[in-house]
Amino acid sequence: MSLVSDEEWVEYKSKFEKNYEAEEDLMRRKIYAESKARIEEHNRKFERGEVTWKMGINHLADLTPEEFAQRCGKKVPPN
């Protein structure tokens with residue numbers, strides 16, 4: 001069973017105005033599912049008192065680690 005339902009994926013894309021061609025859509029959904037799993041694991045730690053803050057889904061949940069780093073200010077050397 002997928003961690004992300006078709007309905008949830010459609011709602012996420014609609015909420016954050018995302019639109020992908022078929023192949024990229026599959027890749028982005030996989031990244032989103034991985035992000036969701038990571039967030040849920042972190043929030044279980046929050047519930048157990050192991051961390052002091054909660055995480056949530058946002059517009060960055062379908063970005064690759066490289067895209068996230070660039071978007072958040074990491075300087076990438078030219079090739």
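Throughout, residue positions are numbered sequentially from 1 according to the sequence presented.
Contacts of Asn58 classified as side chain to side chain donor-acceptor pair (under 3.5 Å), with partners at least two apart in sequence or in another chain: none. Listed by chain and number, the residues in a side chain to side chain donor-acceptor pair (under 3.5 Å) with Glu40 amount to none (sequence neighbours excluded). Applying the side chain to side chain contact (heavy atoms under 4.5 Å, CB included) test to Glu21 and every residue at least two apart in sequence or in another chain returns nothing. Listed by chain and residue number, Arg28 satisfy the side chain to side chain donor-acceptor pair (under 3.5 Å) test with Glu24 (two or more places apart in sequence, or in another chain). Among residues two or more places apart in sequence or in another chain, the side chain to side chain donor-acceptor pair (under 3.5 Å) test is passed with Glu50 by Arg48.
The main-chain N or O of Ile57 is never found under 3.5 Å from a side-chain atom of Lys36 such that the two would form a donor-acceptor pair. The backbone N or O of Val10 sits nowhere less than 3.5 Å from a side-chain atom of Ser14 that would complete a donor-acceptor pair. Remark: the backbone N or O of Asn19 is not paired with any side-chain donor or acceptor of Asp25 at under 3.5 angstrom. Looking at His42, its side chain never comes within 3.5 Å of a backbone N or O of Gly56 through a donor-acceptor pair.
Considering all non-hydrogen atoms of both residues, Ala61 and Ser35 come closest at O-OG, 2.9 Å.
Note on Lys30 versus Glu34: salt bridge recorded, some NZ/NE/NH1/NH2 to OD/OE distance being below 4.0 Å.
Phe46 belongs to a hydrophobic cluster whose other members, connected by ILVMFWY side-chain contacts under 4.5 Å either directly or through intermediates, are Val51.
Taking the six-membered ring where tryptophan is involved, the planes of Trp9 and Tyr20 are essentially parallel, since the angle between them stays under 30° and well short of 60°.
In Glu23, the CD atom is not crowded: 12 or fewer heavy atoms of neighbouring residues, nucleotides or ligands sit closer than 6.0 Å.
Following chains of ILVMFWY side-chain contacts shorter than 4.5 Å, one can reach Phe16 starting from Val4, so the two form part of one hydrophobic cluster.
The closest side-chain heavy-atom distance from Tyr12 to Asp62 is below 4.5 Å. At a threshold of 4.5 Å between non-hydrogen side-chain atoms, the residues Asn43 and Arg38 do not count as touching.
One finds the CG atom of Leu3 at 7.0 Å from the CD atom of Glu8 (value rounded to the nearest 0.5 Å). For the atom pair NZ of Lys18 and OH of Tyr32, the computed distance is 11.0 Å after rounding to the nearest 0.5 Å.
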Could you go through the salt bridge (charged side-chain N to carboxylate O under 4.0 Å, His left out) check for Glu47 and Arg44 one step at a time? CA-CA 5 Å; Glu47 296 298 326; Arg44 283 191 289 275; over 6 Å; no
Take Lys15 and Glu11 through the test side chain to side chain contact (heavy atoms under 4.5 Å, CB included) and record every step on the way to the result. CA-CA 6 Å; Lys15 180 177 181 176; Glu11 287 175 11; over 6 Å; no
